[in-house]
Amino acid sequence: MTGTRVRVRFAPSPTGDLHVGGARSALFTWLFARHHGGDFILRIEDTDRRRYVEGSVEGILESLRWLGLEWDEGPYFQSERLAIYREHAERLVAQGDAYPCYCTPERLEQVRNEQRARGEPPGYDRRCRHLSPDERAAFEAQGLTPAIRFKMPESGTTVVPDLLRGHITFENRLLEDPVILKSDGFPTYHLAAMVDDHLMGITHVTRGEEWLPSAPLHVRIIQAFGWDLPVFVHLPVILRPDGKGKLSKRDGAVGVLEYKKAGYLPEALVNYLALLGWSAGDREIFSREELIRLFSLEDINPSPARFSFDKLAWMNQYYINHIISLDDLTIRCIPFLRAAGLVSAAAEDPASPEHAYVRSVVALLKDRLKTLAEVVELTSFFFTEGTEDYPAELLVPKKTEPALVLEALDRTRAILETADFADEAGMEAALRALAEQLGLKAGQLFMPIRVAVTGRTVSPGLFETLRVVGRTRTLARLDVARAKLRAYVAQQAAAAG
RNA sequence: GCCCCCAUCGUCUAGAGGCCUAGGACACCACCCUUUCAAGGUGGAGAUCGCGGGUUCGAAUCCCGCUGGGGGUACCA
């Protein structure tokens, strides 16, 4: 293959969302193309009208774009190339490598059932392969539209060379005559993919290992046409987290776009997927450029790997916390805040004050965000006048009394009324001094203030939060908390008395 | 059932005959840091390299068998 320009393709069928398994195959293929400066071609294998899902092509394209896997050619649609496949099928018939089959699905089913009943392996009995001209004419006279089957050799072996597994030998007698052109005029994968891969000049056929058992068919079909074999690379499948079977829709978020929606970074997904079955030493974090530079098909681990939601989540958080910049993170968070109605369209303009404010909020969350979507839940109180409602009990930490907390909040308000909100250290010093005067530990004072200002017990650092929320809203929220607490104290007294 | 592929900590993996008292990462546990939650730091537990035979002075690394797991067995891809 040296001297030949690398041309590879990703060829999904539009039967649903692009899921992470397909995305990884696409990624490996794309990385290989980019590493060699070759071409990455996109082809839609829409030859099964019954399984076609409306809108899935758009979803697949969006998924690939989001992941940054830009294609150089296509998308080609097999449904638009029917004449080509028919021509090729007829050529095989003409040269004696294929034949029309008039068997109905019912008969095929019946044959299989009988074989099973007799304890034989189920398979096509090749009736139509041995039809006499008269019998054939009789079927034609009935007006039956035949499917076309490929003639597999009935003895001997077929060897499939695979880049990751070496040469695999199959017994021909155990293989069937596959339908290559259906009676509806559409080709099956076996014909369409081989014809397209040849016509499109594909040098390396990367595909899931579920294709390995039919690879000898493909080798024979290619040889029947007199073409050169491409390099076959059967990629390992991705298993469910528990290892019991292939990863599928039932196992949780499996669609690429679901991860986009959930606030995952495409970089993180790409990095995670690249490491599932491939590695380059002990390192784990690779930029797109590094992946391209280091990637090699030969280094793919041929054993199937389990998908780990945990590790992907860690990778995503790592990218948010350590890899991308604050400016970048801000820009990526804004669509989520917009969707939640927390910021206006103006925030999208990096020069706007609102954008700057979002940036100051996001800065406090950078080490705490696991996904972009979390930014909404974690920061809502920065974008509203007051906080969400909370029970008064939340203001009273363990081992403190409501009355004491009330006094603490009263005095906190007095301090913050005149404090410099830009001076975090100053506020902290003043409030630490107050805690000491009240005989409280720092945390016992900080928690009620946190709850008053944020409406919750978990938040970014207290003083940076105060700085960003600002004096006006802080004092108003302290007043709400104090009123809440006063009512709570009164109610307790009434209950006691 | 039959055919094919695969096999290192729970998981993803490093390892291409001596560098391995098997390394890293996630998850887990402890401690440190600490105003909450994270992040970060330090340490720990965790794999007789699925089992059994070979080959070799020497095997996680090569060969064979077994077992286990996965995939396929459609006029679906």
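Values below: all heavy atoms of this structure, side chains included; hydrogens, waters and symmetry mates excluded. Within every chain, numbering begins at 1; the chains are lettered A, B, ... in the order of the sequence lines, protein sequences first and strands thereafter. Remember, it's a predicted structure, so these values are computed and weren't measured experimentally.
- Checked for salt-bridge contact, E176(A) and R149(A) miss the test: no charged N lies under 4.0 Å from a carboxylate O.
- Annotation: salt bridge (charged side-chain N to carboxylate O under 4.0 Å, His left out) contacts of E90(A) (sequence neighbours excluded): R86(A).
- Residues meeting the salt bridge (charged side-chain N to carboxylate O under 4.0 Å, His left out) test with R127(A), sequence neighbours left out: none.
- For the pair R220(A) and F150(A), the NZ or CZ position fails the cation-pi test of under 6.0 Å to the six-membered ring centre and within 45 degrees of the ring normal.
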Which pairs, protein N/O on one side and nucleotides 27-29 of chain B N/O on the other, fall under 3.5 Å?
none

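- Going from atom CG of L275(A) over to atom P of U13(B) covers 9 Å, rounded to whole Å.
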Nucleotide-resolved protein contact map, nucleotides 34-39 of chain B, B/S/- at heavy-atom distance under 4.0 Å:
-BBBBS
Could you write out each protein N or O paired with an N or O of nucleotides 73-75 of chain B at a distance under 3.5 Å?
unit_1	atom_1	unit_2	atom_2	d
C75(B)	OP2	R149(A)	NH2	3.3
C75(B)	O2	S183(A)	N	2.7
C75(B)	O2	S183(A)	OG	3.0
C75(B)	N3	S183(A)	OG	3.0
C75(B)	N4	C103(A)	O	2.5

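- Residues satisfying the side-chain contact (heavy atoms from CB on, under 4.5 Å) criterion with P146(A), sequence neighbours excluded, are P100(A), Y102(A), E140(A).
- For the pair D196(A) CG and A77(B) P, the interatomic distance rounds to 13 Å; values are reported in whole Å.
- Distance CZ (R306(A)) to P (C6(B)): 18 Å, rounded to an integer number of Å.
- Base pairing analysis places G65(B) opposite C51(B); the two distances defining the Watson-Crick or G-U wobble pair are each below 3.5 Å.
- Under the Watson-Crick and G-U wobble criteria, each requiring two contacts below 3.5 Å, nucleotide C26(B) is paired to G10(B).
- Using a 4.0 Å cut-off between a side-chain N of Lys or Arg and a carboxylate O of Asp or Glu, D251(A) and R306(A) do not qualify as a salt bridge.
- Residue contacts for T47(A): at a heavy-atom cut-off of 4.0 Å it reaches the sugar-phosphate backbone alone, with no base atom in range.
- In this structure D48(A) satisfies the salt bridge (charged side-chain N to carboxylate O under 4.0 Å, His left out) test together with R51(A), sequence neighbours excluded.
- Looking at Y259(A) and N316(A), their side chains never bring a donor and an acceptor atom within 3.5 Å of each other.
- Inspection of the S325(A) and D327(A) side chains reveals no N or O donor paired with an N or O acceptor under 3.5 Å.
- Counting to the nearest Å, the P atom of C26(B) and the CG atom of L276(A) are 16 Å from each other.
- F170(A) places its CZ atom 13 Å from the C1' atom of C2(B), with the value rounded to the nearest Å.
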N/O to N/O distances under 3.5 Å, protein versus nucleotides 60-70 of chain B:
none

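- Across all strands shown, G46(B) forms no Watson-Crick or G-U wobble pair with both distances under 3.5 Å.
- Contacts of E109(A) classified as salt bridge (charged side-chain N to carboxylate O under 4.0 Å, His left out), with partners at least two apart in sequence or in another chain: R112(A).
- A straight line from CZ of R173(A) to C1' of C2(B) spans 10 Å, rounded to a whole angstrom.
- Counted within 6.0 Å of NZ on K366(A), heavy atoms from surrounding residues, nucleotides or ligands total more than 12; the atom is thus considered enclosed.
- Taking atom P in both G69(B) and A74(B), the straight-line distance is 23 Å, to the nearest Å.
- For D299(A), there are no side-chain hydrogen bond (donor to acceptor under 3.5 Å, both in side chains) partners, not counting sequence neighbours.
- In summary, of the residues considered (I320(A), D328(A), L329(A), I323(A)), a side chain to side chain contact (heavy atoms under 4.5 Å, CB included) with L265(A) occurs for I320(A) alone.
- The side chain of L174(A) lies closest to C3(B) when the candidates are C3(B), C76(B), G71(B).
- For E428(A), the side-chain hydrogen bond (donor to acceptor under 3.5 Å, both in side chains) test picks out R432(A), with sequence neighbours left out.
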Under-3.5 Å N/O pairs linking protein and nucleotides 20-24 of chain B:
unit_1	atom_1	unit_2	atom_2	d
G23(B)	N2	D282(A)	OD1	2.9

